[in-house]
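As the structure is a computational prediction, the values presented were derived from the model and not from experiment.
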Amino acid sequence: MRQSSLVLVANRLPIDDSQAPDGACEWRRSPGGLVSALHPLLRHTPATWVGWAGGTGPAPTLPDVDGVRMHTVALSAEDLRDHYEGFANATLWPLYHDSVEQPEHHRRWWEAYQRVNQRFAEATAQVAEPGAVVWVQDYHLQLVPGQLRALRPDLRIGFFLHVPFPPPELFMQLPRRAELLRGMLGADLVGFQRAQAAHNFAQLVTRVLELPATDRRIGIDDRVVRIGAFPVSIDTAEMSALAARPDVAARARRLRQDLGDPRQVILSVDRMDYTKGIEQRLKAYSELLATGDVKVRDTVLVQVAMPSRERVGQYQILRERIEREVGRINGEFGRVGEPAIHYLTQPFDRAELAALYRVADVMAVTPLRDGMNLVAKEYVAARVDDDGALLLSEFAGTAAELSQAYLVNPHDLEGLKQGLRAALRASPDDVTQRMRAMRAHLQQHDIRAWARSYLRALDEGGTLVSRLSSTDGSPEDGARVPRPATPAGSPAAQQASG
(Lines give C-alpha, C1' and ligand atoms only; values in the text may rest on other atoms or scores of the structure.)
Protein backbone atom coordinates (compact mmCIF):
# COMPACT_ATOMS: atom_id res chain seq x y z
CA MET A 1 0.00 0.00 0.00
CA ARG A 2 1.36 3.41 -1.00
CA GLN A 3 2.05 5.66 1.98
CA SER A 4 2.12 9.45 2.19
CA SER A 5 4.05 12.06 4.16
CA LEU A 6 0.93 14.27 4.35
CA VAL A 7 -2.52 12.85 5.07
CA LEU A 8 -5.68 14.96 5.11
CA VAL A 9 -8.65 13.40 6.91
CA ALA A 10 -12.17 14.77 6.48
CA ASN A 11 -15.70 13.43 6.49
CA ARG A 12 -15.99 13.95 2.71
CA LEU A 13 -13.49 13.53 -0.07
CA PRO A 14 -12.90 16.75 -2.11
CA ILE A 15 -14.59 15.33 -5.20
CA ASP A 16 -17.95 15.39 -6.93
CA ASP A 17 -19.38 12.52 -8.90
CA SER A 18 -21.18 13.43 -12.10
CA GLN A 19 -22.34 11.77 -15.29
CA ALA A 20 -20.25 12.08 -18.42
CA PRO A 21 -21.94 12.72 -21.80
CA ASP A 22 -21.69 9.01 -22.60
CA GLY A 23 -23.57 8.14 -19.41
CA ALA A 24 -20.54 6.89 -17.49
CA CYS A 25 -19.89 8.00 -13.93
CA GLU A 26 -16.87 10.26 -13.55
CA TRP A 27 -15.20 11.81 -10.52
CA ARG A 28 -13.70 15.27 -10.51
CA ARG A 29 -12.26 17.69 -7.98
CA SER A 30 -14.83 19.82 -6.19
CA PRO A 31 -14.11 23.58 -6.32
CA GLY A 32 -12.51 25.51 -3.49
CA GLY A 33 -11.64 24.22 -0.05
CA LEU A 34 -8.50 22.62 1.22
CA VAL A 35 -7.35 21.23 -2.11
CA SER A 36 -7.02 24.75 -3.53
CA ALA A 37 -5.36 25.99 -0.36
CA LEU A 38 -2.79 23.23 -0.32
CA HIS A 39 -2.29 22.89 -4.05
CA PRO A 40 1.27 24.34 -4.07
CA LEU A 41 2.23 21.87 -1.35
CA LEU A 42 0.39 18.89 -2.80
CA ARG A 43 2.22 19.25 -6.12
CA HIS A 44 5.52 18.36 -4.42
CA THR A 45 4.52 16.11 -1.51
CA PRO A 46 3.13 12.56 -1.57
CA ALA A 47 -0.32 13.22 -0.14
CA THR A 48 -3.42 11.18 0.58
CA TRP A 49 -6.94 12.36 1.38
CA VAL A 50 -8.96 10.01 3.58
CA GLY A 51 -12.73 10.47 3.46
CA TRP A 52 -16.17 9.26 2.51
CA ALA A 53 -17.09 9.38 -1.19
CA GLY A 54 -20.85 9.69 -0.63
CA GLY A 55 -23.41 6.96 -0.86
CA THR A 56 -23.53 3.73 1.09
CA GLY A 57 -22.04 0.31 0.63
CA PRO A 58 -18.50 -0.73 -0.31
CA ALA A 59 -15.94 2.04 -0.71
CA PRO A 60 -15.21 2.75 -4.40
CA THR A 61 -11.70 2.87 -5.76
CA LEU A 62 -11.11 6.38 -7.08
CA PRO A 63 -8.40 7.91 -9.28
CA ASP A 64 -5.92 10.47 -8.00
CA VAL A 65 -7.04 14.10 -8.11
CA ASP A 66 -4.28 16.59 -8.97
CA GLY A 67 -1.77 13.99 -7.84
CA VAL A 68 -3.49 13.49 -4.47
CA ARG A 69 -4.48 9.94 -3.67
CA MET A 70 -8.13 9.47 -2.72
CA HIS A 71 -8.55 6.82 0.00
CA THR A 72 -12.22 6.07 0.59
CA VAL A 73 -13.88 5.06 3.85
CA ALA A 74 -17.10 3.06 3.53
CA LEU A 75 -20.27 4.06 5.36
CA SER A 76 -23.33 1.86 5.64
CA ALA A 77 -26.88 3.18 5.70
CA GLU A 78 -26.83 2.68 9.47
CA ASP A 79 -23.57 4.65 9.76
CA LEU A 80 -25.02 7.48 7.71
CA ARG A 81 -28.16 7.59 9.84
CA ASP A 82 -26.57 7.30 13.29
CA HIS A 83 -23.13 8.86 12.86
CA TYR A 84 -23.63 11.60 10.25
CA GLU A 85 -27.31 12.51 10.57
CA GLY A 86 -27.43 11.48 14.22
CA PHE A 87 -24.55 12.28 16.53
CA ALA A 88 -22.69 14.68 14.21
CA ASN A 89 -25.64 16.73 12.98
CA ALA A 90 -28.42 16.25 15.52
CA THR A 91 -26.26 16.22 18.67
CA LEU A 92 -23.01 18.12 18.08
CA TRP A 93 -24.11 20.59 15.39
CA PRO A 94 -26.97 22.21 17.37
CA LEU A 95 -25.01 22.14 20.61
CA TYR A 96 -22.00 23.83 19.02
CA HIS A 97 -24.28 26.50 17.57
CA ASP A 98 -25.60 27.73 20.92
CA SER A 99 -28.42 25.14 21.00
CA VAL A 100 -30.46 27.15 18.49
CA GLU A 101 -32.30 23.83 18.19
CA GLN A 102 -32.37 21.33 21.05
CA PRO A 103 -29.64 18.68 20.70
CA GLU A 104 -30.76 15.05 20.81
CA HIS A 105 -28.89 12.36 22.72
CA HIS A 106 -29.08 8.67 21.83
CA ARG A 107 -26.65 5.95 22.92
CA ARG A 108 -26.96 4.28 19.52
CA TRP A 109 -25.67 7.47 17.86
CA TRP A 110 -22.66 7.67 20.15
CA GLU A 111 -21.78 4.03 19.43
CA ALA A 112 -21.92 4.76 15.70
CA TYR A 113 -19.78 7.89 16.13
CA GLN A 114 -17.10 5.84 17.92
CA ARG A 115 -17.26 3.09 15.31
CA VAL A 116 -16.97 5.40 12.30
CA ASN A 117 -14.21 7.50 13.86
CA GLN A 118 -12.25 4.31 14.55
CA ARG A 119 -12.67 3.29 10.92
CA PHE A 120 -11.24 6.64 9.79
CA ALA A 121 -8.35 6.32 12.24
CA GLU A 122 -7.47 2.83 11.02
CA ALA A 123 -7.62 3.92 7.39
CA THR A 124 -5.32 6.85 8.17
CA ALA A 125 -2.86 4.65 10.05
CA GLN A 126 -2.58 2.43 6.97
CA VAL A 127 -1.72 5.19 4.49
CA ALA A 128 0.56 7.42 6.60
CA GLU A 129 4.28 6.83 6.25
CA PRO A 130 6.47 6.84 9.40
CA GLY A 131 6.58 10.31 10.94
CA ALA A 132 3.97 11.69 8.53
CA VAL A 133 1.90 14.82 9.17
CA VAL A 134 -1.84 14.13 9.53
CA TRP A 135 -4.44 16.92 9.46
CA VAL A 136 -7.89 15.89 10.75
CA GLN A 137 -10.86 18.13 9.96
CA ASP A 138 -13.97 19.08 11.89
CA TYR A 139 -16.63 17.88 14.30
CA HIS A 140 -17.50 14.66 12.49
CA LEU A 141 -14.11 13.21 13.49
CA GLN A 142 -13.28 14.53 16.96
CA LEU A 143 -12.25 11.12 18.27
CA VAL A 144 -9.85 10.38 15.40
CA PRO A 145 -6.77 12.19 16.82
CA GLY A 146 -6.83 10.14 20.02
CA GLN A 147 -7.63 6.87 18.25
CA LEU A 148 -4.91 7.52 15.68
CA ARG A 149 -2.29 8.32 18.32
CA ALA A 150 -3.02 4.97 19.98
CA LEU A 151 -2.39 3.25 16.65
CA ARG A 152 0.50 5.39 15.38
CA PRO A 153 2.28 7.43 18.08
CA ASP A 154 5.00 8.30 15.55
CA LEU A 155 2.70 10.64 13.59
CA ARG A 156 2.45 14.42 13.84
CA ILE A 157 -1.30 14.96 14.25
CA GLY A 158 -3.26 18.17 13.81
CA PHE A 159 -6.98 18.79 14.33
CA PHE A 160 -8.98 21.78 13.11
CA LEU A 161 -12.57 22.59 14.09
CA HIS A 162 -14.40 24.61 11.44
CA VAL A 163 -17.54 25.24 13.51
CA PRO A 164 -17.83 27.19 16.79
CA PHE A 165 -16.71 25.51 19.99
CA PRO A 166 -19.31 26.15 22.69
CA PRO A 167 -18.88 27.66 26.15
CA PRO A 168 -18.49 25.21 29.04
CA GLU A 169 -22.09 25.45 30.22
CA LEU A 170 -23.31 24.10 26.87
CA PHE A 171 -20.60 21.50 26.24
CA MET A 172 -21.09 20.10 29.76
CA GLN A 173 -24.52 18.83 28.65
CA LEU A 174 -22.89 16.13 26.51
CA PRO A 175 -23.06 12.71 28.15
CA ARG A 176 -19.71 11.76 26.53
CA ARG A 177 -17.94 15.07 27.05
CA ALA A 178 -14.72 13.60 28.52
CA GLU A 179 -14.28 11.15 25.64
CA LEU A 180 -14.69 13.92 23.05
CA LEU A 181 -12.13 16.13 24.77
CA ARG A 182 -9.63 13.29 25.05
CA GLY A 183 -10.15 12.50 21.39
CA MET A 184 -9.21 16.04 20.38
CA LEU A 185 -6.23 16.00 22.74
CA GLY A 186 -4.73 13.17 20.73
CA ALA A 187 -3.55 15.93 18.39
CA ASP A 188 -0.31 17.86 18.74
CA LEU A 189 -2.10 21.05 17.64
CA VAL A 190 -5.82 21.82 18.00
CA GLY A 191 -6.96 24.74 15.87
CA PHE A 192 -10.13 26.82 16.12
CA GLN A 193 -11.67 29.68 14.17
CA ARG A 194 -11.54 32.17 17.03
CA ALA A 195 -9.50 32.72 20.19
CA GLN A 196 -12.67 32.48 22.31
CA ALA A 197 -13.16 28.91 21.14
CA ALA A 198 -9.62 27.98 22.24
CA HIS A 199 -10.37 29.59 25.60
CA ASN A 200 -13.58 27.56 25.94
CA PHE A 201 -11.67 24.37 25.13
CA ALA A 202 -8.96 25.09 27.71
CA GLN A 203 -11.58 25.80 30.39
CA LEU A 204 -13.35 22.52 29.69
CA VAL A 205 -10.14 20.49 29.74
CA THR A 206 -9.36 21.94 33.15
CA ARG A 207 -12.86 21.35 34.51
CA VAL A 208 -13.69 17.96 33.00
CA LEU A 209 -10.30 16.26 32.75
CA GLU A 210 -8.50 18.20 35.51
CA LEU A 211 -5.50 18.78 33.25
CA PRO A 212 -3.13 21.76 33.48
CA ALA A 213 -4.15 24.15 30.70
CA THR A 214 -3.86 27.69 29.42
CA ASP A 215 -5.36 29.21 26.29
CA ARG A 216 -2.19 28.14 24.47
CA ARG A 217 -0.96 24.88 25.98
CA ILE A 218 -2.44 21.81 27.62
CA GLY A 219 -0.40 19.19 29.42
CA ILE A 220 -1.56 15.58 29.02
CA ASP A 221 0.39 12.44 29.92
CA ASP A 222 3.96 13.17 28.83
CA ARG A 223 2.98 15.58 26.03
CA VAL A 224 2.08 19.23 25.52
CA VAL A 225 -0.83 19.94 23.17
CA ARG A 226 -0.86 23.40 21.65
CA ILE A 227 -4.08 25.22 20.84
CA GLY A 228 -4.78 28.42 18.91
CA ALA A 229 -6.99 30.37 16.52
CA PHE A 230 -6.55 30.11 12.75
CA PRO A 231 -9.42 31.94 10.97
CA VAL A 232 -10.16 30.05 7.76
CA SER A 233 -10.51 31.99 4.53
CA ILE A 234 -11.15 31.68 0.78
CA ASP A 235 -9.18 31.78 -2.44
CA THR A 236 -9.49 35.56 -2.72
CA ALA A 237 -7.60 35.87 -5.99
CA GLU A 238 -9.65 33.13 -7.65
CA MET A 239 -12.99 34.73 -6.73
CA SER A 240 -11.82 38.22 -7.73
CA ALA A 241 -10.58 36.97 -11.09
CA LEU A 242 -13.82 35.07 -11.68
CA ALA A 243 -15.97 38.10 -10.84
CA ALA A 244 -13.89 40.31 -13.17
CA ARG A 245 -14.40 38.07 -16.20
CA PRO A 246 -16.34 39.81 -19.00
CA ASP A 247 -18.87 36.97 -19.26
CA VAL A 248 -19.59 37.14 -15.52
CA ALA A 249 -20.02 40.92 -15.68
CA ALA A 250 -22.40 40.50 -18.64
CA ARG A 251 -24.33 37.82 -16.76
CA ALA A 252 -24.65 40.17 -13.79
CA ARG A 253 -26.17 42.85 -16.02
CA ARG A 254 -28.68 40.34 -17.43
CA LEU A 255 -29.60 39.14 -13.97
CA ARG A 256 -30.37 42.68 -12.88
CA GLN A 257 -32.57 43.13 -15.93
CA ASP A 258 -34.32 39.82 -15.18
CA LEU A 259 -35.03 41.12 -11.66
CA GLY A 260 -36.82 44.13 -13.16
CA ASP A 261 -33.80 46.48 -13.01
CA PRO A 262 -34.57 47.53 -9.40
CA ARG A 263 -32.79 50.42 -7.76
CA GLN A 264 -31.35 48.09 -5.10
CA VAL A 265 -30.86 44.32 -4.81
CA ILE A 266 -30.48 42.54 -1.48
CA LEU A 267 -28.91 39.07 -1.66
CA SER A 268 -28.63 36.24 0.84
CA VAL A 269 -26.96 32.91 0.08
CA ASP A 270 -27.34 30.21 2.72
CA ARG A 271 -27.53 26.52 3.25
CA MET A 272 -30.98 25.58 4.49
CA ASP A 273 -30.06 25.51 8.17
CA TYR A 274 -31.64 26.83 11.35
CA THR A 275 -28.33 28.46 12.36
CA LYS A 276 -28.38 30.81 9.35
CA GLY A 277 -31.06 33.18 10.65
CA ILE A 278 -33.17 32.99 7.49
CA GLU A 279 -36.49 33.25 9.30
CA GLN A 280 -35.38 36.27 11.34
CA ARG A 281 -34.12 37.97 8.15
CA LEU A 282 -37.40 37.37 6.34
CA LYS A 283 -39.37 38.77 9.26
CA ALA A 284 -37.23 41.92 9.37
CA TYR A 285 -37.65 42.42 5.62
CA SER A 286 -41.40 41.86 5.88
CA GLU A 287 -41.72 44.55 8.55
CA LEU A 288 -39.68 47.01 6.47
CA LEU A 289 -42.08 46.38 3.59
CA ALA A 290 -45.06 46.88 5.91
CA THR A 291 -43.78 50.25 7.16
CA GLY A 292 -42.83 51.46 3.69
CA ASP A 293 -39.10 51.69 4.49
CA VAL A 294 -38.63 49.31 1.57
CA LYS A 295 -40.83 49.35 -1.53
CA VAL A 296 -41.21 46.42 -3.90
CA ARG A 297 -41.06 48.61 -6.98
CA ASP A 298 -37.45 49.69 -6.30
CA THR A 299 -35.99 46.99 -4.01
CA VAL A 300 -35.90 43.21 -4.33
CA LEU A 301 -34.61 40.47 -2.05
CA VAL A 302 -33.01 37.39 -3.62
CA GLN A 303 -32.88 34.54 -1.10
CA VAL A 304 -30.84 31.52 -2.15
CA ALA A 305 -31.38 28.64 0.29
CA MET A 306 -29.64 25.50 -0.87
CA PRO A 307 -31.11 22.26 0.54
CA SER A 308 -29.11 20.60 3.29
CA ARG A 309 -29.49 17.39 5.31
CA GLU A 310 -32.92 16.84 3.83
CA ARG A 311 -33.42 13.53 5.65
CA VAL A 312 -33.14 15.23 9.06
CA GLY A 313 -36.60 16.10 10.41
CA GLN A 314 -35.64 19.53 11.78
CA TYR A 315 -34.45 20.63 8.33
CA GLN A 316 -37.62 19.44 6.61
CA ILE A 317 -39.73 21.45 9.07
CA LEU A 318 -37.49 24.51 8.62
CA ARG A 319 -37.84 24.40 4.84
CA GLU A 320 -41.63 24.22 5.12
CA ARG A 321 -41.70 27.22 7.47
CA ILE A 322 -39.45 29.32 5.23
CA GLU A 323 -41.37 28.51 2.07
CA ARG A 324 -44.63 29.34 3.82
CA GLU A 325 -43.24 32.70 4.98
CA VAL A 326 -41.89 33.54 1.52
CA GLY A 327 -45.31 32.78 0.07
CA ARG A 328 -47.01 34.98 2.66
CA ILE A 329 -44.68 37.93 2.01
CA ASN A 330 -45.04 37.67 -1.76
CA GLY A 331 -48.78 37.32 -1.46
CA GLU A 332 -49.08 40.36 0.78
CA PHE A 333 -46.53 42.73 -0.75
CA GLY A 334 -45.74 41.46 -4.24
CA ARG A 335 -47.27 42.69 -7.49
CA VAL A 336 -47.91 41.02 -10.81
CA GLY A 337 -44.47 40.45 -12.28
CA GLU A 338 -42.85 42.01 -9.17
CA PRO A 339 -42.39 39.51 -6.32
CA ALA A 340 -41.04 40.94 -3.08
CA ILE A 341 -38.70 37.94 -2.73
CA HIS A 342 -37.06 35.79 -5.38
CA TYR A 343 -36.63 32.46 -3.57
CA LEU A 344 -34.23 29.95 -5.11
CA THR A 345 -33.22 26.50 -3.84
CA GLN A 346 -31.24 25.14 -6.80
CA PRO A 347 -27.43 24.98 -6.64
CA PHE A 348 -25.38 27.58 -8.54
CA ASP A 349 -22.03 27.10 -10.21
CA ARG A 350 -19.18 29.41 -9.25
CA ALA A 351 -19.61 31.77 -12.21
CA GLU A 352 -23.33 32.23 -11.59
CA LEU A 353 -22.69 32.84 -7.91
CA ALA A 354 -20.03 35.44 -8.73
CA ALA A 355 -22.53 37.18 -11.02
CA LEU A 356 -25.09 37.25 -8.20
CA TYR A 357 -22.48 38.76 -5.87
CA ARG A 358 -21.84 41.50 -8.44
CA VAL A 359 -25.57 42.23 -8.73
CA ALA A 360 -26.11 42.60 -4.98
CA ASP A 361 -26.04 46.14 -3.62
CA VAL A 362 -26.46 44.70 -0.13
CA MET A 363 -25.29 41.25 0.92
CA ALA A 364 -27.18 40.10 4.04
CA VAL A 365 -25.20 37.47 5.98
CA THR A 366 -26.96 37.23 9.33
CA PRO A 367 -26.48 33.78 10.92
CA LEU A 368 -27.50 33.26 14.51
CA ARG A 369 -24.15 31.52 15.02
CA ASP A 370 -21.42 30.57 12.57
CA GLY A 371 -17.86 29.35 12.92
CA MET A 372 -16.72 31.66 10.12
CA ASN A 373 -19.11 32.09 7.12
CA LEU A 374 -17.19 32.17 3.88
CA VAL A 375 -20.09 33.59 1.84
CA ALA A 376 -19.35 36.99 3.37
CA LYS A 377 -15.71 36.71 2.31
CA GLU A 378 -16.67 35.56 -1.18
CA TYR A 379 -18.92 38.58 -1.60
CA VAL A 380 -16.13 40.96 -0.61
CA ALA A 381 -13.67 39.24 -2.95
CA ALA A 382 -16.16 39.45 -5.82
CA ARG A 383 -16.72 43.21 -5.44
CA VAL A 384 -13.94 44.18 -7.83
CA ASP A 385 -15.65 47.56 -8.26
CA ASP A 386 -15.08 48.33 -4.55
CA ASP A 387 -18.85 48.74 -4.23
CA GLY A 388 -21.52 46.89 -2.28
CA ALA A 389 -22.56 46.87 1.38
CA LEU A 390 -22.04 43.82 3.62
CA LEU A 391 -24.63 43.36 6.39
CA LEU A 392 -23.01 40.90 8.79
CA SER A 393 -24.00 39.13 11.98
CA GLU A 394 -21.89 39.79 15.05
CA PHE A 395 -22.09 36.05 15.71
CA ALA A 396 -20.31 34.97 12.53
CA GLY A 397 -16.60 34.36 12.97
CA THR A 398 -16.06 36.60 9.95
CA ALA A 399 -17.14 39.64 11.98
CA ALA A 400 -13.84 39.58 13.89
CA GLU A 401 -11.99 40.20 10.61
CA LEU A 402 -14.45 42.22 8.51
CA SER A 403 -15.22 44.83 11.15
CA GLN A 404 -15.98 47.44 8.47
CA ALA A 405 -19.19 45.58 7.59
CA TYR A 406 -22.56 46.81 8.87
CA LEU A 407 -22.67 44.61 11.98
CA VAL A 408 -25.98 43.51 13.49
CA ASN A 409 -27.36 41.25 16.20
CA PRO A 410 -29.71 38.92 14.27
CA HIS A 411 -31.56 38.03 17.48
CA ASP A 412 -32.62 41.70 17.79
CA LEU A 413 -35.34 42.28 15.21
CA GLU A 414 -35.27 46.07 15.53
CA GLY A 415 -31.48 46.10 15.33
CA LEU A 416 -31.59 43.88 12.26
CA LYS A 417 -34.06 46.23 10.57
CA GLN A 418 -31.97 49.25 11.51
CA GLY A 419 -28.82 47.63 10.09
CA LEU A 420 -30.58 46.76 6.84
CA ARG A 421 -31.88 50.32 6.51
CA ALA A 422 -28.38 51.68 7.16
CA ALA A 423 -26.85 49.44 4.48
CA LEU A 424 -29.53 50.38 1.94
CA ARG A 425 -29.19 54.11 2.61
CA ALA A 426 -25.40 54.33 3.00
CA SER A 427 -23.59 56.93 0.95
CA PRO A 428 -21.44 55.69 -1.95
CA ASP A 429 -18.29 57.07 -0.29
CA ASP A 430 -19.00 55.19 2.95
CA VAL A 431 -19.70 51.95 1.10
CA THR A 432 -16.52 52.23 -0.98
CA GLN A 433 -14.33 53.04 2.01
CA ARG A 434 -15.62 50.03 3.94
CA MET A 435 -15.34 47.66 0.99
CA ARG A 436 -11.78 48.69 0.13
CA ALA A 437 -10.66 48.03 3.70
CA MET A 438 -12.27 44.58 3.73
CA ARG A 439 -10.84 43.65 0.34
CA ALA A 440 -7.34 44.68 1.44
CA HIS A 441 -7.65 42.42 4.49
CA LEU A 442 -8.76 39.42 2.43
CA GLN A 443 -5.93 39.84 -0.05
CA GLN A 444 -3.47 39.36 2.81
CA HIS A 445 -5.47 36.69 4.66
CA ASP A 446 -6.58 34.21 2.03
CA ILE A 447 -6.97 30.45 2.27
CA ARG A 448 -3.33 29.81 1.43
CA ALA A 449 -2.20 32.02 4.29
CA TRP A 450 -4.52 30.04 6.58
CA ALA A 451 -3.11 26.68 5.47
CA ARG A 452 0.48 27.92 5.76
CA SER A 453 -0.01 29.32 9.23
CA TYR A 454 -1.58 26.11 10.51
CA LEU A 455 0.97 23.77 8.93
CA ARG A 456 3.85 25.91 10.17
CA ALA A 457 2.57 25.60 13.71
CA LEU A 458 1.95 21.85 13.33
CA ASP A 459 5.13 20.92 11.45
CA GLU A 460 7.73 23.25 12.98
CA GLY A 461 11.15 21.95 12.08
CA GLY A 462 9.71 19.78 9.30
CA THR A 463 9.90 20.11 5.55
CA LEU A 464 6.26 20.40 4.45
CA VAL A 465 5.84 24.17 4.60
CA SER A 466 9.27 24.83 3.13
CA ARG A 467 7.90 23.37 -0.10
CA LEU A 468 5.30 26.09 -0.39
CA SER A 469 5.79 29.18 -2.51
CA SER A 470 8.62 31.40 -1.29
CA THR A 471 6.24 34.40 -1.40
CA ASP A 472 4.13 33.14 1.44
CA GLY A 473 4.36 35.92 3.96
CA SER A 474 5.65 36.09 7.49
CA PRO A 475 6.18 33.01 9.64
CA GLU A 476 3.11 33.60 11.73
CA ASP A 477 0.65 34.80 9.06
CA GLY A 478 -1.56 36.18 11.81
CA ALA A 479 -2.16 32.89 13.61
CA ARG A 480 -2.72 33.24 17.33
CA VAL A 481 -0.59 30.30 18.42
CA PRO A 482 2.47 29.98 20.61
CA ARG A 483 5.93 29.07 19.48
CA PRO A 484 6.67 25.33 19.43
CA ALA A 485 6.00 23.62 22.72
CA THR A 486 9.07 22.63 24.67
CA PRO A 487 9.26 19.01 25.85
CA ALA A 488 7.03 17.98 28.73
CA GLY A 489 8.80 18.34 32.05
CA SER A 490 10.70 21.47 31.02
CA PRO A 491 10.04 24.75 32.88
CA ALA A 492 7.86 26.05 30.04
CA ALA A 493 5.75 22.90 29.97
CA GLN A 494 5.29 23.04 33.73
CA GLN A 495 3.87 26.55 33.34
CA ALA A 496 0.92 25.13 31.38
CA SER A 497 -1.12 25.21 34.56
CA GLY A 498 -1.12 28.98 34.42
Side-chain angles (χ1 to χ4, degrees), residues 31-32 36 231-259 261-270 281 299-304 342 344 348-367 370 372-394 396-408 419-450:
S36 296
V232 73
S233 194
I234 63 167
D235 190 335
T236 306
E238 181 270 340
M239 177 53 75
S240 294
L242 180 61
R245 276 176 17 190
D247 62 312
V248 172
R251 178 58 180 155
R253 290 191 293 271
R254 290 195 302 271
L255 282 171
R256 197 171 196 99
Q257 292 171 358
D258 292 343
L259 292 170
D261 203 19
R263 186 171 62 86
Q264 289 183 302
V265 176
I266 306 167
L267 173 66
S268 288
V269 177
D270 307 281
R281 190 186 310 137
T299 303
V300 65
L301 169 63
V302 178
Q303 173 64 65
V304 178
H342 290 259
L344 306 168
F348 290 86
D349 63 29
R350 297 285 289 167
E352 188 80 356
L353 194 57
L356 277 171
Y357 290 150
R358 291 204 61 172
V359 168
D361 302 287
V362 175
M363 183 79 201
V365 181
T366 57
D370 227 336
M372 182 53 60
N373 195 293
L374 298 182
V375 167
K377 292 188 174 184
E378 287 185 341
Y379 175 71
V380 170
R383 298 306 302 202
V384 292
D385 52 2
D386 288 334
D387 199 2
L390 175 62
L391 182 74
L392 182 60
S393 166
E394 298 170 356
T398 322
E401 296 182 79
L402 304 183
S403 58
Q404 296 86 4
Y406 297 86
L407 298 176
V408 294
L420 188 52
R421 277 194 299 262
L424 287 168
R425 298 172 181 175
S427 69
D429 288 345
D430 183 46
V431 167
T432 297
Q433 183 179 2
R434 291 169 182 255
M435 183 56 69
R436 282 178 178 166
M438 292 188 288
R439 284 179 55 78
H441 174 84
L442 283 188
Q443 287 164 3
Q444 294 296 317
H445 299 84
D446 65 358
I447 194 166
R448 289 175 179 81
W450 169 74

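- Taking CG of Leu407 as the start and CD of Glu394 as the end, the distance is 6.0 Å to the nearest 0.5 Å.
- Scanning both residues, Phe348 and Val304, for their nearest heavy atoms gives CE1-CG1, 3.7 Å.
- Under a 3.5 Å cut-off, the side chain of Thr236 and the backbone N or O of Ala381 do not form any donor-acceptor pair.
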Criterion salt bridge (Lys or Arg N to Asp or Glu O under 4.0 Å) on Arg256 and Asp258, from CA distance to verdict: CA-CA 5 Å; Arg256 197 171 196 99; Asp258 292 343; over 6 Å; no
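- Under the 6.0 Å distance and 45° angle rule, Arg434 counts as a cation-pi partner of Tyr406.
- Taking every heavy atom of both residues into account, Ala399 and Ser393 meet most closely at CB-O, 3.5 Å.
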Criterion side chain to side chain contact (heavy atoms under 4.5 Å, CB included) on Thr398 and Val365, from CA distance to verdict: CA-CA 10 Å; Thr398 322; Val365 181; over 6 Å; no
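- Side chains of Gln303 and His342: a donor-acceptor N/O pair is absent below 3.5 angstrom, by distance only.
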Under the side chain to side chain contact (heavy atoms under 4.5 Å, CB included) rule, what do Arg358 and Val384 come out as? Steps first, then yes or no, please. CA-CA 8 Å; Arg358 291 204 61 172; Val384 292; 4.0 Å; yes
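- Remark: Leu255 CG to Leu259 CG distance equals 6.5 Å, nearest 0.5 Å.
- Look at Arg448 and Glu238 and you find no salt bridge, because none of the NZ, NE, NH1 or NH2 atoms lies under 4.0 Å from a carboxylate O.
- Taking CZ of Arg253 as the start and CG of Asp261 as the end, the distance is 12.5 Å to the nearest 0.5 Å.
- One distance of note links CG of Asp387 with OG1 of Thr432; it measures 5.5 Å at 0.5 Å rounding.
- A pairwise comparison of heavy atoms in Val362 and Leu420 identifies CG1-CD1, 4.2 Å as the closest pair.
- For Ser268 (side chain) and Ala364 (main-chain N/O), a donor-acceptor pair under 3.5 Å exists by modelled atom type.
- Counting only N and O atoms by type, the side chains of Gln404 and Arg436 include no donor and acceptor under 3.5 Å apart.
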Going through the checks in order, is the side chain to side chain contact (heavy atoms under 4.5 Å, CB included) test met by Val300 and Ile266? CA-CA 6 Å; Val300 65; Ile266 306 167; over 6 Å; no
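- At distances below 3.5 Å, not a single donor-acceptor pair connects side-chain atoms of Tyr357 with backbone N or O atoms of Met363.
- Interatomic distance, CE of Met438 versus CG of Asp386, reported as 10.0 Å (0.5 Å rounding).
- In summary, Lys377 and Asp235 do not engage in a salt bridge, as defined by a charged side-chain N under 4.0 Å from a carboxylate O.
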Report the C-alpha separation of Arg263 and Thr299 in whole Å, then their side-chain angles, then the decisive distance to 0.1 Å, and conclude whether the side chain to side chain donor-acceptor pair (under 3.5 Å) test is met. CA-CA 6 Å; Arg263 186 171 62 86; Thr299 303; 4.7 Å; no
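- Between Leu267 and Ala360, the shortest heavy-atom distance links the atoms CB-CB, 3.5 Å.
- The closest donor-acceptor contact from the side chain of Arg251 to the backbone of Ala354 lies at 3.5 Å or more, if one exists at all.
- Minimum interatomic distance between Val302 and Val265 (heavy atoms only, all atoms of both residues): CG2-CG1, 4.2 Å.
- No donor-acceptor distance shorter than 3.5 angstrom exists from the side chain of Glu378 to the backbone of Ile234, with no hydrogens or angles considered.
- With hydrogens and angles disregarded, no donor-acceptor distance shorter than 3.5 Å links the side chain of Ser240 to the backbone of Ala382.
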Full working for side chain to side chain donor-acceptor pair (under 3.5 Å) between Glu401 and His445: CA-CA 9 Å; Glu401 296 182 79; His445 299 84; 5.4 Å; no
Test Leu374 against Met372 for side chain to side chain contact (heavy atoms under 4.5 Å, CB included), laying out the working first. CA-CA 6 Å; Leu374 298 182; Met372 182 53 60; 3.7 Å; yes
